[in-house]
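Since this is a predicted model, take the numbers as computed values, not measurements. The figures that follow rest on heavy atoms only: side chains count, while hydrogens, waters and symmetry mates do not.
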Amino acid sequence: VQLQASGGGLVQAGGSLRLSCAASGIIFRHYTMGWYRQAPGKQRELVARISSGGITNYADSVKGRFTISRDNAKATVYLQMNSLKPEDTAVYYCNADRGYSFWGQGTLVTVSS
């Protein structure tokens, strides 16, 4: 199983980034896909997830700014991040869950003030 995350980088506050996570080795459409993040010195936290049926949920801190979506044909999940804030700075991890979880390698997002 591979979850290949990409799209991170350095952006100014107020800017946007789009993360992508391409999955292989799983039947993608059966999995709930999620994005988590871990800031320095903090625990990993859920950012957003989307079920196999397309139901989404978000952390309160990103509601209205981030949008998660999936393309089952491409086995890819996306995270559109708008109005970025310095506190969004973290390593973002892709997760595939179906009772048991697989994790990607993470992509660093740095938001400068």
Just verifying a value: how many Å separate [X] [atom1] and [Y] [atom2], rounded to the nearest 0.5 Å?
X	Y	atom1	atom2	answer
R70	R29	CZ	CZ	10.5 Å
S61	E45	OG	CD	5.5 Å
L3	I26	CG	CD1	5.5 Å
Q105	T107	CD	OG1	7.0 Å
M81	T67	CE	OG1	11.0 Å

Verify ring pair (Phe, Tyr, Trp, His ring centres under 6.0 Å) between F66 and W35, making sure each step is shown before the conclusion. CA-CA 11 Å; F66 291 10; W35 287 98; over 10 Å; no

Got [X] and [Y] here, is their nearest side-chain heavy-atom distance under 4.5 Å?
X	Y	value
F28	K74	no
S112	Q12	yes
D71	Y78	yes
I68	Q80	no
Y92	V47	yes
I50	V77	yes
L84	L17	yes
M33	C94	yes

Would D97 and R49 pass as an ion pair if we require N to O under 4.0 Å?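 Here D97 does not pair with R49 in a salt bridge, since their nearest N and O are not under 4.0 Å apart.
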
What's the verdict on salt bridge (charged side-chain N to carboxylate O under 4.0 Å, His left out) for K63 and D60, showing C-alpha distance, side-chain angles and the deciding distance? CA-CA 5 Å; K63 281 180 182 176; D60 287 343; 3.1 Å; yes

Does the side-chain hydrogen bond (donor to acceptor under 3.5 Å, both in side chains) test come out yes or no for N95 and S101, once each step is laid out? CA-CA 7 Å; N95 172 269; S101 278; 3.3 Å; yes

Are [X] and [Y] in one and the same hydrophobic cluster, where Ile, Leu, Val, Met, Phe, Trp and Tyr link if side-chain heavy atoms are under 4.5 Å apart?
X	Y	value
L19	W103	no
V109	V91	no
Y58	V111	yes

Could you report the tightest heavy-atom contact between [X] and [Y], atom names first, then the distance?
X	Y	value
V1	G25	CG2-O, 3.7 Å
A90	A39	CB-N, 3.8 Å
A48	L79	CB-CD1, 4.2 Å
T76	S20	CG2-CB, 4.3 Å

Would you please classify the geometry between the F102 ring and the Y31 ring as parallel, tilted or perpendicular, with 30° and 60° separating the classes? tilted

Test item: side-chain donor near acceptor, N82 and S16, under 3.5 Å: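 A pair is found: one side chain offers a donor N or O, the other an acceptor, under 3.5 Å apart.
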
Would you say that more than 12 heavy atoms from the other residues, nucleotides or ligands in this model lie under 6.0 Å from the CD of Q2, or not? no

What residues join I55 in its hydrophobic cluster, counting side-chain heavy atom gaps under 4.5 Å, either direct or through other members? none

Before you tell me yes or no, could you show the steps for D88 and R65 under side chain to side chain contact (heavy atoms under 4.5 Å, CB included), namely the whole-Å CA-CA distance, both residues' side-chain angles and the distance that decides it to 0.1 Å? CA-CA 11 Å; D88 295 318; R65 300 188 297 122; 2.8 Å; yes

cation_pi(R37, Y93) dist<6.0 Å, angle<=45: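 So R37 doesn't make the cation-pi contact.
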
